[in-house]
Number of protein chains: 2
Amino acid sequence: MISQETDTEQLILEAAKKVFFKKGYDGARMQEIANEAGINKALLHYYFRSKDKLFEAIFFNAFQQFIPSVVENLNADISFERKIEIFVENYINMLINFPQLPSFVLTEVNRNPERIAEMFGKIGIIPSVILQGIQKEVDKGNISAVEPKQILANIVALCVFPFAARPLLQIVLTENDTAKYNVFLEERKKEVSRFIINSIKI
Amino acid sequence: MISQETDTEQLILEAAKKVFFKKGYDGARMQEIANEAGINKALLHYYFRSKDKLFEAIFFNAFQQFIPSVVENLNADISFERKIEIFVENYINMLINFPQLPSFVLTEVNRNPERIAEMFGKIGIIPSVILQGIQKEVDKGNISAVEPKQILANIVALCVFPFAARPLLQIVLTENDTAKYNVFLEERKKEVSRFIINSIKI
DNA sequence: AAATGGTTAAACTAAATGATTAAACCATCT
DNA sequence: AGATGGTTTAATCATTTAGTTTAACCATTT
């Protein structure tokens, strides 16, 4: 019984993720999700009551995955440069595994910006910690006196944007060649940290 | 007569832009556009035949505005660093004036990536020119030997991302304070070019 | 002022879609 | 075998929505 339930529920979640990621909330159709899962449309409502609820499950999960937890890394006893290298490598690796994550989250976040604040609360992330961590490095004189805000924005932008804007950048940068663009993304793991470190070193 | 037509047509375009920018193609409703324009829904179809056609008009315009034309700037007889400063300042200024442009274009580009290639043709932009321009600077030894692809991606990412991800970044960076975030965006005009130049100088 | 032709609106249509209901199904227990 | 209770489906509902039709409107021309 239980295995039955988790199986179907899981099946639905995977199908819903696929469809929502591709079409967004407004473009997704319950029928299409049902087809994708190979089940009857009424089952979706049986398990999740409404499109909203089903979407919420998918979105919360995606949001959690998209917002990186950097706290452990920040406290580690290594140089700031090394911290950046590790973060960038890990985060871009994750994005390579879930390439539609940025465009999905950004689209939905823009569609409904109000509910985002409470989302941060739910996943227990305190943004200020990261900024303070960077400020400490400035105070210690390890990096040049740039506003932590700007540094953090730069790191995230450089990691995420190539995924969020892939359809455009793939044309502009690699003649719309998917394989070439994948190479470009691989190279960014080293390139982004080199770039960041270069720009903030004393 | 003519002024009548262009007036109504313009009215529709402005209303459509407002609604499409906020809700996206799938979330937008013809009725809402009509309300926004203060006219009857049938008039939308009278002037634009279909939702698709109306959207196409809005999207083409937005796309054109979003893709910067850098050719003149690239050929100007000034240092590469100065070119970057000018581009970044102009582009971020434009984005400050049309802040929803990035999220709208990126959302729609991801929803329908296939049609983008021909869009570039229509607006007469040859992406390779920009990359070649950067390569020339590398060859001349003006900047360090970084792949032009990476440099261009970095410049665009740093300019666009703070607008595309504003609802998230505003919480993380400026405690969800709109005025503070606007200051942050202003500061980026200087910050981004400083950042780029620092990272590619020999 | 009557006719003409473009413009606007009200009413309507057909299809799609999220949601509900009621019945069928199926495994487990007695 | 029959009852029980959760699971799945087919059929249906109510609403929304893009698009159409028909008539009213209005300025210009004759």
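For the numbers below, each heavy atom of this structure counts, side chains included, while hydrogens, waters and symmetry mates do not. Below, chain A is the first sequence line, B the second, and so on; all start at residue 1.
Looking at the side chain of Tyr46(A), the nearest of the listed nucleotides dA18(D), dG6(D), dT8(C) is dG6(D). Here dG19(D) is the nucleotide among dT8(D), dG19(D), dA19(C) with the atom lying nearest to any side-chain atom of Met30(B). Taking every side-chain heavy atom of Ser50(A) into account, dA19(C) is the closest of dA19(C), dG6(C), dG18(C). The side chain of Ala42(A) lies closest to dA10(D), out of dT8(C), dA10(D), dG19(D).
Put simply, NZ on Lys51(A) is 17 Å from C1' on dT20(C), counting in whole angstrom units. Taking atom CG on Leu44(A) and atom C1' on dT9(D), their separation rounds to 12 Å, with Å as the unit. Computed from coordinates, the Phe48(A) CZ to dG18(C) C1' distance equals 16 Å when rounded to whole Å. Between the CZ atom of Arg29(A) and the P atom of dT17(C) there is a distance of 5 Å, given to the nearest Å. With rounding to whole Å, Phe55(B) atom CZ is found 16 Å from dA18(D) atom C1'. For the pair Gln31(B) CD and dA16(C) C1', the interatomic distance rounds to 18 Å; values are reported in whole Å. Between the CG atom of Leu43(A) and the C1' atom of dG6(D) there is a distance of 12 Å, rounded to whole Å. The CD1 atom of Ile12(B) sits 11 Å away from the C1' atom of dT7(C) (whole-angstrom rounding).
Inter-residue side-chain proximity for Ile67(B) and Val105(B) is flagged as unmet; no heavy-atom pair is nearer than 4.5 Å. Proximity of Glu56(A) to Arg115(A): side-chain heavy atoms (C-beta onward) are separated by under 4.5 Å at one or more points. Within the 4.5 Å cutoff, no side-chain heavy atoms of Phe184(B) are placed close to those of Gln170(B).
Within the structure, every side-chain polar atom (N or O) of Thr8(B) is placed at least 4.0 Å from both OP1 and OP2 of dT7(C).
Taking the ring centre of Phe80(B) as origin, the terminal cationic atom of Lys83(B) falls outside the region bounded by 6.0 Å and 45° from the ring axis.
Note that CG of Leu74(A) is 11.5 Å distant from CD1 of Ile86(A), once rounded to the nearest 0.5 Å.
Taken residue by residue, residues 32-41 of chain B places heavy atoms nearer than 4.0 Å to DNA chain C at Ile39(B), Asn40(B).
Taking every heavy atom of both residues into account, Lys23(A) and Ala28(A) meet most closely at CB-N, 3.7 Å.
Legend: side-chain hydrogen bond (donor to acceptor under 3.5 Å, both in side chains) pairs involving residues 142-151 of chain A, not counting sequence neighbours, sorted by first then second residue: Glu137(A)-Asn142(A), Glu147(A)-Lys149(A), Gln150(A)-Arg188(B).
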